[in-house]
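The structure appears right after this line, and notes come after that.
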Amino acid sequence: MSCYKLIQMKQMNNTITSELNDAQMSAVTAPLGNCQVLAGAGSGKTRVLVHRIAWLIQECGLSPHQILAVTFTNKAARELHTRIEAMLGFPTRTMWVGTFHGLAHRFLRAHWQAADLPESFQILDAEDQHRLIKRLHKELNLDDDRWPPKQSQWFINSQKDEARRPDSIILDGDIFTDTMVMVYRAYEEQCARAGVIDFAELLLRSYEVLQKHPDILSHYQQRFQYILVDEFQDTNTLQYLWLRLLKGPDSHIMVVGDDDQSIYSWRGARIKNIQSFTNDFPDAQTICLEQNYRSTKTILSAANAVIANNQKRLGKDLWTQGDDGESILLYTAFNEIDEARYVISCIQAWTELGNPNRSVAILYRSNAQSRVLEEELLRKSIPYRIYGGQKFFDRAEIKDALAYLRLIANRHDDTAFERVVNTPTRGIGNTTLNSLRDQARTSNYSLWQAAQEIVRDKLLSARAVTALQNFLNLTDELDANTRNDKLGDQTDYIIQRSGLRDFIGKDRTEKSQSRLENLDELVQATHAFTVDEFQQQDMPPLHAFLAHVALENSENQADVFEDSVQLMTLHAAKGLEFDLVIICGVEEGLFPHHMSAEDPVRLEEERRLCYVGMTRAKQKLIMTFAECRRLYGRENYHAPSRFLREIPEHLVNEVRMQTKISRPVSVQPAYGATQQTDISIGDNQIRLGQRIRHSKFGEGTVLNYEGSGEHAQVQVKFDRHGSKWLMVNLAKLETI
DNA sequence: GCGACATTGTTTTTT
DNA sequence: ACAATGTCGC
């Protein structure tokens with residue numbers, strides 16, 4: 001090795017290991033073996049993954065080609081990949097970095113024959129799956145009241161997540177199991193006929209291919225010398241089995257996770273996998289990352305105190321070298337409107353200090369809570385962005401347009417067929433459709449084939465036959481006329497020619513206008529789409545686009561660059577961080593949610609959710625709860641959440657609602673946090689929760705105030721000296 | 001086949 | 001409260 005190269009390597013080595021603490025260092029430079037990293041919130045988990053991979057390549061001589069890194073979200077996968085490339089300074093296209101589903105998809109595209117799939121198989125999303133199962137229930141004459149399709153959907157998905165096929169489910173003579181298995185069977189047949197597979201099936205099918213084809217298995221086992229798994233606490237049974245199978249006898253695996261941040265057990269995630277890992281790989285080294293680089297001491301102590309109430313923990317104590325920081329503000333709101341006003345007033349105070357809107361996140365337990373907050377943000381003209389909610393490609397009009405594309409790609413895609421056969425309405429109603437379904441079922445055809453037969457043999461009324469004929473012709477025509485077009489032009493033409501555009505825009509409401517805009521956006525997306533070499537190998541653009549849409553249903557990326565306050569559920573906040581975090585609705589019944597309150601296991605998950613939320617905050621944490629909240633049209637009185645009581649008192653500044661104003665009925669008088677006072681310090685009006693400085697007592701928070709002019713007094717809770725009442729014009733106070 | 005009413009069930013949702 | 005279904009009559 002040349003001297004120059006050695007020096008270069010030495011430098012690289014330095015960049016890989018510099019700025020790492022001891023624990024991070026031992027994870028990054030761990031010997032080439034199995035390893036488990038328990039990474040607390042904000043302990044530099046991604047950093048360790050990135051550096052570890054760089055280390056494997058630079059120091060252990062592994063080629064990127066031999067590395068497999070698995071994440072849960074596309075975003076995490078992208079971040080991982082770009083950071084690795086930035087660190088290494090060269091592209092690593094041959095490295096497999098992706099989500100479980102993305103990687104499984106890639107695998108199945110390569111091995112579709114072994115997987116017994118059509119080459120052009122398409123992915124069924126959750127909504128399509130639901131529709132399909134609903135239709136199946138009808139065909140099987142299952143009463144929807146007794147047998148909700150949602151339940152079957154849940155059953156099928158959880159069986160698949162447990163790697164169970166209908167044949168491997170033990171029939172216990174129970175009518176429930178019998179029925180569910182029957183539906184599962186019918187569902188599988190239907191999917192096979194239509195050439196579609198659902199999310200869980202991506203994993204299960206690829207797992208089975210590996211199991212049944214030793215040659216394929218050994219190829220991948222030999223190829224992937226090192227497997228890394230992010231958010232390991234969120235893996236389900238199937239994902240764990242998949243990983244274990246893929247890890248060859250000579251390869252190694254590193255899993256990174258945090259049992260305290262497991263919040264998806266209701267989706268099949270098994271924290272137990274962390275324990276299983278140490279059992280299955282007894283030689284695995286365990287490394288704990290406990291130093292937190294994100295939050296202040298105060299925030300961290302509070303979060304630690306809350307999570308300490310969980311019994312089932314691996315046990316980990318986060319610490320930080322950071323400052324104490326401000327106390328946690330706890331505001332007791334009168335109702336959710338008051339809460340929203342207080343929250344927004346806090347944000348205003350925060351941004352007046354020069355902080356950008358984007359440094360603030362409002363977190364809540366359930367999406368329904370966002371509306372009041374939104375209204376208040378709107379009223380105060382504060383730009384905001386709501387995460388979650390409906391994804392772009394989930395909008396009805398987009399799915400309609402996509403269904404045309406799917407049908408062109410694959411005529412036997414019944415889900416797509418059902419979706420657009422009468423959208424826009426073209427005289428094919430329920431009666432016709434039912435005969436169509438009958439026909440399809442008895443002949444074991446796709447709906448498309450059944451329709452062809454009906455048209456050919458004129459099996460229905462002349463009117464229905466003509467209508468069907470027109471639809472079949474239309475679809476074929478859309479296909480034939482755009483066969484050589486670019487994807488964007490094809491999409492544009494199809495939306496126009498199918499009549500979808502006119503249909504969507506026919507009434508001139510604002511809603512239909514925005515739907516039209518969405519269609520335009522879709523066309524634009526198809527124009528901009530390029531086949532991703534990694535994920536899609538050499539698929540035709542149309543197929544590649546459909547797969548991309550299903551697997552990477554990104555949200556509307558519009559105005560992502562505007563400096564806006566971020567609103568999201570606590571779940572959606574995992575993995576993110578903000579200078580100021582405001583958690584709303586911290587009430588019994590809402591958080592912890594009443595659906596989870598009785599079950600201790602689920603309660604612990606709620607608590608972890610609380611922990612996740614609190615540890616998102618870097619500098620300042622505000623928690624609010626409302627004594628009274630309108631929920632489902634009723635007014636409910638809730639007690640403050642038990643989680644609040646679990647926070648040590650000395651870390652909290654309790655700000656009480658000020659005014660004794662009677663309940664607002666329809667008008668909303670100014671009160672509480674937004675009430676204007678005539679008490680001011682210098683030029684600044686006093687606000688509840690306002691941070692001030694006293695020459696002797698130091699910094700504190702305004703809890704209360706009284707009187708005006710010369711008699712004005714404020715109650716301040718000082719960070720170090722407890723709370724005191726002070727005369728405003730005597731005490732030397734200044735606002736911060 | 002389609003539009004107008006009633007009925008229903010409302011946590012979280014990485015793919 | 002509210003939206004998203006399903007049922008009914010035309």
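Throughout, protein chains are lettered first and strands after them, A, B, ... in sequence-line order, and every chain is numbered starting at 1.
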So, are A:K574 and A:D234 salt-bridged, with charged N and O less than 4.0 Å apart?
yes

Run the ring-ring contact (aromatic ring centres under 6.0 Å, His included) test against A:F591 and tell me which residues pass, sequence neighbours left out.
A:F643

Can you say whether the rings of A:H548 and A:F545 are parallel (under 30°), tilted (30 to 60°) or perpendicular (over 60°)?
parallel

Checking all strands, does A:D234 fall into the base, sugar-phosphate, or nothing category for heavy-atom contacts under 4.0 angstrom?
base

With sequence neighbours left out, write down each residue that passes ring-ring contact (aromatic ring centres under 6.0 Å, His included) with A:F155, or none if nothing qualifies.
none

Step by step, work out the salt bridge (Lys or Arg N to Asp or Glu O under 4.0 Å) result for A:E376 and A:R379.
CA-CA 5 Å; A:E376 189 61 21; A:R379 200 184 343 266; 3.0 Å; yes

Bounds of contact between DNA chain B and chain A, in 5' to 3' order, using a heavy-atom cut-off under 4.0 Å:
B:dG1 to B:dT15

Salt bridge between A:R406 and A:D128, side-chain N to carboxylate O under 4.0 Å?
yes

Partner set under side-chain contact (heavy atoms from CB on, under 4.5 Å) for A:R463, not counting sequence neighbours:
A:S461

Where protein sits on nucleotides 1-6 of chain C, one letter per nucleotide: B base, S sugar-phosphate only, - none, heavy atoms under 4.0 Å:
BS---S

Measuring only the C1' atom in each nucleotide, how far is B:dT11 from C:dG6? A whole number of Å is fine.
25 Å

Got a sec, which residues hit ring-ring contact (aromatic ring centres under 6.0 Å, His included) with A:W154, two or more places apart in sequence or on another chain?
none

